[in-house]
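Here is the naming used below: chain letters follow the sequence lines, and residue numbers restart at 1 for every chain.
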Number of protein chains: 2
Amino acid sequence: MAKKRPTRATSHDVARLAGVSQAAVSRAFSAGSSISKDKRERVLKAAHELHYVPNKLASSLSTARSNMVAVIVGNLNNPFYSESLQAFVTGFQESGRQVLAFSVTDAADGDEVVQQAVYYPVDAIVVTAAPLSSKLLKISAGLGIPIVMFNRHLDSNRIAGVHCDNRGAGARIAEAMHSAGAERFLIVRGDPEGSTSRDRVEGFRTYLLARGVPPTGIEEIDGASSYGASRDSLRARFRAGDRPRPDAIYAVSDIMALGCLDALRTDLGLRVPGDVMLAGSDGIRQGRLSAYDLTTIRQPIEQMVATTLQMLESAEDLKNPDMIQVLELPGEFIPGSTVPRPPRDKP
Amino acid sequence: MAKKRPTRATSHDVARLAGVSQAAVSRAFSAGSSISKDKRERVLKAAHELHYVPNKLASSLSTARSNMVAVIVGNLNNPFYSESLQAFVTGFQESGRQVLAFSVTDAADGDEVVQQAVYYPVDAIVVTAAPLSSKLLKISAGLGIPIVMFNRHLDSNRIAGVHCDNRGAGARIAEAMHSAGAERFLIVRGDPEGSTSRDRVEGFRTYLLARGVPPTGIEEIDGASSYGASRDSLRARFRAGDRPRPDAIYAVSDIMALGCLDALRTDLGLRVPGDVMLAGSDGIRQGRLSAYDLTTIRQPIEQMVATTLQMLESAEDLKNPDMIQVLELPGEFIPGSTVPRPPRDKP
DNA sequence: GCGGGCTTTGAATACGTATTCATACAATGA
DNA sequence: TCATTGTATGAATACGTATTCAAAGCCCGC
C-alpha cells in the first residue's frame with residue numbers, strides 16, 4: 001500500500017485545537033447556526049491554521065444531498081453540446097452545485113454510463129444524449145433520482161424534459177426550400193435512435209408530402225451526427241452518378257450541415273445556394289461565422305438551460321407523475337445565405 | 001421540510017433481506033473479496049430485488065478515495081478546451097474515475113473556484129485555465145491534493161504539468177512568415193496573465209528581433225482569447241488609417257485567428273494570404289475546415305491528455321517535490337493556406 | 001483422531017459531518 | 001428576587017460503506 005497522503009484536517013482536529021466540540025466546528029461553518037460570534041471566530045482561526053476545509057462528501061452522508069448533478073453529454077465535438085455543457089456548468093456553479101460530467105459516445109453503452117452516474121448519489125441527472133431505454137425510468141423511480149432530458153424526449157412523456165419544436169423546425173426549413181423552388185430533396189439524418197433527428201426528419205417530410213412532393217422526391221442518407229461522416233457521405237452520394245442530384249439538402253444538425261457545405265463547395269466545386277441549397281438546425285456559433293452563414297433554426301440554449309435548472313429547483317415535482325413537465329420551446333428561423341430568400345413581390 | 005425522497009436501499013437492507021451481515025454485502029460487491037460463491041449470489045439477488053446500488057460517496061469516506069477528479073476549464077467556447085475536456089472525460093471514465101467539472105470565466109475568481117473544488121475530496125485537480133496564484137501551491141501542499149497543470153505552467157516549476165513548447169511554436173510561425181517576406185508584424189495576444197499566450201508572444205518576438213526586425217516593426221493588440229473580440233479588434237486596427245498596415249498577423253490561438261480571418265476577408269475585403277498573411281496556434285478542428293485551412297501549430301491533445309492521466313496514476317510522485325515533472329511536448333507545424341509556402345528553389 | 005493452514009463469516013469500528021437532545025447559561029420582565 | 005424565554009453548548013447518534021479482528025468452519029496429511 002502506498003503511504004497515505006497527509007490526511008487533511010477534520011472538524012475534530014479543529015475542535016481540539018480551538019478547545020470546542022466538534023459540533024461547534026460544524027456550526028461555525030454553516031450559516032444561520034446558533035453559535036456565538038467569538039466562538040465562531042476562534043473556530044475559524046483554528047481552521048485556518050490547520051488548512052481545514054469541510055468535507056462536502058461527508059456532509060452529503062448526513063444531509064442526503066450531494067449537491068452534485070450528473071450531466072450526461074454525447075459528442076462534445078458537436079458544438080451544440082459543448083455550448084450546452086458550458087451553460088450547465090456555469091449555471092449549476094452559480095447555484096452552488098457541481099457538475100459530474102459523463103460522456104457517452106457509443107449509443108449502446110448509454111445505460112451503462114447512467115448506471116455509473118447512479119453510483120454517486122447525485123441530486124439529479126441531466127441527459128443530453130443517448131437514446132435511453134426504459135431502464136432509465138426504473139432508475140428514476142426506484143432510486144428516486146430526478147431526471148431531466150435535454151433536447152430529447154420519450155414518446156411516453158414519463159420523464160421531464162426540455163426540447164425544441166423539432167417537427168416545426170423541419171417543417172420550417174422545408175417551407176423555405178420549397179418556396180425557393182426546390183424539387184428534389186435530400187435529408188442527411190443523424191442518430192435515428194434519437195428523438196431530435198427523428199422529429200426533424202418527420203416534420204420536414206410531412207410538410208413536403210402535404211405540398212404534393214412525391215415520396216420519391218425525398219431521399220435520405222446517413223450523416224452519423226458528425227462533420228466528417230456527413231462530408232464523406234454527401235460527397236459519395238454526389239459522385240455516384242446513377243441518380244439525379246437533389247437541389248436541396250437538409251442536414252438535421254448544423255455540424256452535419258457544415259460538413260455538407262464543405263463537401264459541396266470544396267470537394268465538389270458546387271455553389272451554394274446557386275447549384276444546390278442547404279440548411280441545418282441548431283444555430284451553433286460556428287454556423288454563424290461569415291465563411292459559412294448557414295441557414296438554420298436556432299435552439300435557444302440559454303433559455304433551455306435556464307428552464308432545466310428551474311425544473312430541478314422544484315425537484316420534488318419531478319417525482320410526482322402528475323407534475324412531470326415536458327416543455328417544448330419554439331426555435332428561431334435564421335435566414336442565412338445558403339437558401340435563397342423568398343422574392344418580395346411574388347407570393 | 002420537503003418530504004424525503006424514497007430512500008434508496010442500503011447495504012443493511014440488502015443484508016437483512018438476504019439474511020447475511022452487512023459486511024457480506026460489501027464483500028459481494030467488491031471483486032476479489034473473500035466470499036463464497038453462493039452467498040454472493042444470494043446477496044446479488046437480494047440487491048437486485050431492492051434496486052440496491054452501492055453508494056460510492058459513502059465508500060469514499062472509508063477508503064479515502066473519491067475516484068473523482070476536478071477538471072477546471074476556462075472558456076469552453078474555445079474549441080481547444082472543449083476538445084480537451086472531451087478527452088479528459090473519456091479518459092477518466094475509462095479508468096473508472098469521474099470528472100467534476102468547474103468553469104472559470106473571470107480570471108479573478110480562479111482561486112475561488114479551486115476552493116470550491118477542494119470542498120470535495122477530489123483525488124486530483126487538473127487545471128486547464130486561469131492564471132493561478134500561489135494559493136494553489138498552498139492548497140496542494142496543505143491538503144495533499146495533487147495538481148496537474150494542463151497547457152499552463154508556473155515559472156517556479158513547483159507544480160506538475162504538461163504543456164507545449166509555446167516559445168518554439170511562436171518562433172516557428174515567425175520563421176514561416178519572415179521567410180515568406182513579411183516585414184511588419186502584428187500580434188493578437190490572448191490573456192496576458194496566462195503562460196501560454198505569453199510564451200508564444202515571446203517566442204515570436206525573440207525570433208524576429210534576432211533576425212533584425214526592428215522593435216517598431218512588431219505591433220501588438222488584444223484579442224481577449226475569443227473569436228468576437230479578435231475580429232472586432234483587428235477590424236478596428238485596420239480601419240484606423242493612422243498607421244501603416246501590417247503584412248503578417250500572428251493570433252496566438254486558433255479561435256482568435258479565425259476571428260481575424262473573418263475580419264480580414266469578410267469585413268475588410270482583403271485576401272489572405274495575398275494581402276496579408278495570418279497564422280494561429282493550437283490546431284483546433286475548426287481551423288482545419290476547408291473554408292479556413294489555417295496555418296498553425298498543432299498541440300497534440302491526445303498525447304497531452306494521456307500524459308496527464310499517467311502523471312495522475314503515479315499520484316504519489318506529485319507530492320514529492322523531487323519527482324515533480326513539468327513536461328514540454330513539441331507542437332506540429334501545420335502548413336495551411338494562410339501563409340505562403342516557402343519557394344522550393346530559392347533558399 | 002488431531003494439529004496446522006486456509007477460507008468464510010459476522011461483530012465492531014472507523015471514516016467526517018450534521019443534527020437531535022438535553023443541559024447550562026444569559027437576558028429579560030415583573 | 002424569581003420565573004421565563006431564548007440562545008449556546010457538548011454528548012451522542014446517524015448517515016452508508018470498508019475493514020479489522022477474532023472466531024468458526026473446512027480440508028489436508030500424518
Side-chain angles (χ1 to χ4, degrees), chain A residues 1 4-43 46-47 50-68 118-123 143-144, chain B residues 1 4-43 46-47 50-68 118-123 143-144:
Chain A
M1 273 277 106
K4 40 168 64 171
R5 69 173 51 158
T7 46
R8 45 197 277 173
T10 73
S11 55
H12 287 99
D13 300 330
V14 175
R16 206 172 309 127
L17 177 60
V20 300
S21 73
Q22 178 268 329
V25 178
S26 171
R27 287 194 262 255
F29 277 91
S30 43
S33 290
S34 162
I35 185 174
S36 68
K37 203 166 180 66
D38 60 332
K39 173 161 290 202
R40 163 169 275 147
E41 276 166 13
R42 266 218 326 279
V43 169
L50 297 178
H51 296 294
Y52 169 78
V53 292
N55 181 335
K56 292 230 179 188
L57 285 203
S59 40
S60 306
L61 256 197
S62 306
T63 59
R65 295 204 59 197
S66 64
N67 283 315
M68 297 193 307
V118 159
Y119 284 143
Y120 292 81
V122 290
D123 293 341
L143 271 58
Chain B
M1 270 276 115
K4 41 170 63 174
R5 68 172 53 154
T7 46
R8 44 198 277 173
T10 73
S11 54
H12 286 100
D13 300 331
V14 175
R16 205 172 309 127
L17 178 60
V20 299
S21 72
Q22 177 268 329
V25 178
S26 171
R27 288 194 261 257
F29 277 91
S30 44
S33 290
S34 162
I35 185 175
S36 68
K37 202 164 181 64
D38 60 333
K39 172 160 292 200
R40 162 169 276 145
E41 276 165 14
R42 265 220 324 281
V43 169
L50 296 177
H51 295 295
Y52 168 78
V53 292
N55 181 336
K56 291 230 179 187
L57 285 202
S59 36
S60 306
L61 257 197
S62 306
T63 59
R65 294 204 60 196
S66 64
N67 282 317
M68 297 193 308
V118 158
Y119 283 143
Y120 293 81
V122 290
D123 293 341
L143 271 59

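The shortest non-hydrogen separation linking B/Leu57 to B/Asn55 is N-OD1, 2.8 Å. Minimum heavy-atom separation, B/Phe29 to B/Pro54: CD2-CG, 3.7 Å. Closest approach of A/Ala58 and B/Leu61 over heavy atoms only: CB-CD2, 4.0 Å. Between B/Tyr119 and A/Arg8, the closest heavy-atom pair is O-NH2, 4.1 Å.
Counting only residues at least two apart or on different chains, the side chain to side chain donor-acceptor pair (under 3.5 Å) pairs with a member in residues 28-39 of chain B are B/Ser30-B/Ser33, B/Ser36-B/Asp38.
Distance CZ (A/Arg42) to P (D/dT9): 8 Å, rounded to an integer number of Å. For the pair A/Lys37 NZ and D/dT9 C1', the interatomic distance rounds to 18 Å; values are reported in whole Å. Taking atom CG of residue B/Asp13 and atom C1' of nucleotide D/dA14, one finds them 14 Å apart after rounding to whole Å. A straight line from CD1 of A/Ile35 to C1' of D/dG10 spans 12 Å, rounded to a whole angstrom. Rounded to an integer number of Å, the gap from CG of A/Leu57 to P of D/dC15 is 18 Å.
Set against D/dA8, D/dG10, D/dG16, the side chain of B/Leu61 has D/dG16 as its closest nucleotide.
OP1 or OP2 of D/dA8 has at least one side-chain nitrogen or oxygen of A/Ser34 nearer than 4.0 Å. For C/dG10, one of the phosphate oxygens OP1 or OP2 lies less than 4.0 angstrom from a side-chain nitrogen or oxygen of B/Lys39.
Between the two ends of the helix from C/dG1-D/dC30 to C/dA30-D/dT1, each summarised by a five-pair axis, the helix axis turns through 40° (rounded to 10 degrees).
Of the possible donor and acceptor atoms, none in the side chain of A/Asp123 sits under 3.5 Å from a partner among the backbone N and O of A/Arg65. A donor-acceptor pair under 3.5 Å is formed between the side chain of A/Ser66 and the backbone N or O of A/Pro121. With hydrogens and angles ignored, the 3.5 Å screen pairs a side-chain donor or acceptor of A/Arg40 with a backbone N or O of A/Ala28.
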Polar atom pairs between nucleotides 17-19 of chain C and protein, under 3.5 Å, N or O only, would you list them?
{"residue": "C/dT17", "atom": "OP1", "partner": "A/Tyr52", "partner atom": "OH", "Å": "2.9"}
{"residue": "C/dT17", "atom": "OP1", "partner": "A/Asn55", "partner atom": "N", "Å": "3.0"}
{"residue": "C/dT17", "atom": "OP2", "partner": "A/Ser11", "partner atom": "N", "Å": "2.5"}
{"residue": "C/dT17", "atom": "OP2", "partner": "A/Ser11", "partner atom": "OG", "Å": "2.9"}
{"residue": "C/dT17", "atom": "O2", "partner": "A/Ser62", "partner atom": "OG", "Å": "2.6"}
{"residue": "C/dA18", "atom": "OP2", "partner": "A/Ser26", "partner atom": "OG", "Å": "2.7"}
{"residue": "C/dA18", "atom": "O4'", "partner": "A/Ser62", "partner atom": "OG", "Å": "3.3"}
{"residue": "C/dA18", "atom": "N7", "partner": "A/Gln22", "partner atom": "NE2", "Å": "3.4"}
{"residue": "C/dA18", "atom": "N6", "partner": "A/Gln22", "partner atom": "OE1", "Å": "3.0"}

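For the pairing with B/Val25, the side chain to side chain contact (heavy atoms under 4.5 Å, CB included) check across B/Thr10, B/Leu17, B/Val14, B/Asp13 returns one residue only, B/Val14.
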